[in-house]
Amino acid sequence: LTTQMPKIRNNLTLLLSSKKASELLPKEGKEHLAEELKEEINSVIAPPKENKKGKVTTPEGPVKSVLFTSFIIQ
């Protein structure tokens with residue numbers, strides 16, 4: 001995880017900076033963001049792989065959920 005941390009931080013910063021405050025105000029917006037963050041982290045830790053038939057499969061990944069302890073929207 002330590003070796004992948006720069007890429008994880010970069011990807012999360014890009015994802016967070018693409019969000020608008022209006023998207024994050026409702027509860028559903030925060031839940032959607034948590035899911036996107038989880039998927040982004042898992043895509044770095046356990047990237048999608050191509051099987052023998054050429055189909056891309058995404059492993060579940062080690063991160064099961066993202067939980068917020070505080071949330072500030074400016």
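Positions are given from 1 along the sequence.
- Cation-pi geometry between Lys30 and Phe71 is met: the NZ or CZ atom falls under 6.0 Å from the ring centre, inside 45° of the normal.
- Here side chain to side chain donor-acceptor pair (under 3.5 Å) pairs that include residues 63-74, with residues two or more places apart or in two chains, are Glu60-Lys64.
- Legend: side chain to side chain donor-acceptor pair (under 3.5 Å) pairs involving residues 19-29, not counting sequence neighbours, sorted by first then second residue: Lys19-Glu36.
- Residues in residues 20-56 take part in no ring-ring contact (aromatic ring centres under 6.0 Å, His included) pair, two or more places apart or across chains.
- In this structure, CG on Leu15 lies 9.5 Å from CD1 on Ile41, to the nearest 0.5 angstrom.
- The hydrophobic clustering, which links ILVMFWY residues whose side-chain heavy atoms are closer than 4.5 Å, places Met5 and Leu16 together.
- Sequence neighbours left out, not one pair with a member in residues 42-51 passes salt bridge (Lys or Arg N to Asp or Glu O under 4.0 Å).
- Closest approach of Leu24 and Gly29 over heavy atoms only: CD2-O, 4.0 Å.
- For residues 37-47, every residue pair satisfying the side chain to side chain donor-acceptor pair (under 3.5 Å) rule, not counting sequence neighbours, is listed here: Asn11-Glu40, Glu35-Lys38.
- In this structure, Ile8 and Leu1 have side chains that are in contact, with non-hydrogen atoms separated by less than 4.5 Å.
- Remark: Pro6 engages no residue in a side-chain contact (heavy atoms from CB on, under 4.5 Å) (not counting sequence neighbours).
- Taking 4.5 Å as the limit, every side-chain heavy atom of Leu37 sits out of range of all side-chain heavy atoms of Val63.
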